[in-house]
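Just so we're clear, the structure is a prediction, and the values are computed from it rather than from any experiment. The figures here come from the full heavy-atom set of this structure, side chains too, leaving out hydrogens, waters and symmetry mates.
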Amino acid sequence: MNHPRATPATPATPETATPTGPEAAPHPLEAPAADGTTPAAPALTPAAPATATAPLHPATAPLAELHRFLGARLDTAARTWLDRALAEAAAHPGTHGPISVWELRLAEAGRRCGAAHADAARVLILYAAHADTEALTRVYDQGTADERRAVLHALPHLVPGPGARPLVEDALRTNDTRLVAAAVGPYGARHLDAHAWRHAVLKCLFTGVPLERVADLARRARGDAELARMLGDHADERTAAGRPVPEDLHRARALALAPAEPAPAEPDPAPSSTPSHTTDDPHGKES
């Protein structure tokens, strides 16, 4: 954990899974109950045979479902390690001193769970630790590119308002395509303003991030004349330079040129119960 925020992160080498761990312990992943306590969820379920089910995205999947997904794919040692990491995070949430124990577990997740499942494991740990915007910012500022990406994936689950938008904006300033792709997820779709969001779409085109990774693209792009202009200018620049125009750009520009969705119609006002006193006299006088 040693990256300053403004420095573009470089892609990290995938970590090798060499899972080991102690005895499994139950851990909480559910929302706090009305009395303020957090119910304990069962430990991860034993591994199941692999199926054709597509991997769940940690930024969009319900966390209980993500939890079950990992339980079916991690081996026994990795499940045991994750059970313990989640229990520790739930027992000591928030930040404590220079570094909290759950922050150490974030650094271990790739080695313990394997690179393919590390993002999901880190998001679950952040959620179990009830990481607030301050804690998420600390992890992002001090973390590796992998840990930063996990923070961005965790934002929709942990930050209801725009308070973590500076993290998204910072990720969009990097040239790490994994961070850029995470930054245009559901949190960015909800909280980036129109100017920043348009430039995020262009950043994806510049860096080769597929626009299918841009959350809510169809809704936000539709009828956006300024986005259509920016995309047209970018297409013209590529053509003038003898470079191909990506198909993604054509699709996004077609959306931006499409008519905006009409606003919901206002309901007709309820008829007044007061009797009207109309007359044929234009001056309102009764004869």
Of all heavy-atom pairs between [X] and [Y], which one has the smallest distance, and what is that distance?
{"X": "R122", "Y": "D146", "answer": "NH1-CB, 3.6 Å"}
{"X": "A189", "Y": "R220", "answer": "O-NH1, 2.9 Å"}
{"X": "A183", "Y": "L152", "answer": "N-CD1, 4.2 Å"}
{"X": "V180", "Y": "C204", "answer": "CG1-SG, 4.1 Å"}
{"X": "A120", "Y": "P58", "answer": "CA-CB, 4.1 Å"}
{"X": "C113", "Y": "A121", "answer": "SG-CB, 4.0 Å"}

Return yes if some donor-acceptor pair links the side-chain N/O of [X] with the main-chain N/O of [Y] below 3.5 Å, else return no.
{"X": "R222", "Y": "L255", "value": "no"}
{"X": "E103", "Y": "S100", "value": "yes"}
{"X": "K203", "Y": "T174", "value": "yes"}
{"X": "Y187", "Y": "V159", "value": "no"}
{"X": "R253", "Y": "A228", "value": "yes"}

What is the distance from atom [atom1] of [X] to atom [atom2] of [Y], rounded to the nearest 0.5 Å?
{"X": "L82", "Y": "I125", "atom1": "CG", "atom2": "CD1", "result": "6.0 Å"}
{"X": "L231", "Y": "L205", "atom1": "CG", "atom2": "CG", "result": "6.5 Å"}
{"X": "H157", "Y": "L66", "atom1": "NE2", "atom2": "CG", "result": "7.0 Å"}
{"X": "L124", "Y": "L63", "atom1": "CG", "atom2": "CG", "result": "6.0 Å"}
{"X": "L126", "Y": "L106", "atom1": "CG", "atom2": "CG", "result": "5.0 Å"}
{"X": "H130", "Y": "H92", "atom1": "NE2", "atom2": "NE2", "result": "13.0 Å"}

Working for side chain to side chain contact (heavy atoms under 4.5 Å, CB included), residues H153 and H57 | CA-CA 9 Å; H153 289 327; H57 196 287; 3.4 Å; yes
Do R105 and E88 pass the salt bridge (charged side-chain N to carboxylate O under 4.0 Å, His left out) test, and can you show the C-alpha distance, the side-chain angles, and the key distance before you say yes or no?
-> CA-CA 9 Å; R105 302 298 171 252; E88 289 174 336; 2.7 Å; yes
Using a strict 4.0 Å threshold on nitrogen-to-oxygen distance, state whether R173 and E169 make a salt bridge.
->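 Salt bridge flag = no for E169 with R173.
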Any ion pair linking R229 and D233 (charged N to carboxylate O, less than 4.0 Å)?
->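 So D233 pairs with R229 through a salt bridge.
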Any side-chain heavy atom of [X] sitting closer than 4.5 Å to one from [Y]?
{"X": "L227", "Y": "W197", "value": "yes"}
{"X": "P156", "Y": "R190", "value": "yes"}
{"X": "L172", "Y": "V184", "value": "yes"}
{"X": "R251", "Y": "L211", "value": "no"}
{"X": "R148", "Y": "R178", "value": "no"}
{"X": "L202", "Y": "M230", "value": "yes"}

Should we say atom CD of E134 is surrounded by more than 12 heavy atoms from elsewhere, each under 6.0 Å from it?
->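 No, the 6.0 Å shell around CD holds no more than 12 heavy atoms from other groups.
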How about R213: does its CZ atom have over 12 heavy atoms from other parts shown lying under 6.0 Å from it?
->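 At most 12 heavy atoms, drawn from other residues, nucleotides or ligands, come within 6.0 Å of this atom.
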Using the side chain to side chain donor-acceptor pair (under 3.5 Å) rule, pick out the option among T144, D176, D119 that qualifies with R149.
->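 Result for side chain to side chain donor-acceptor pair (under 3.5 Å) with R149: D119.
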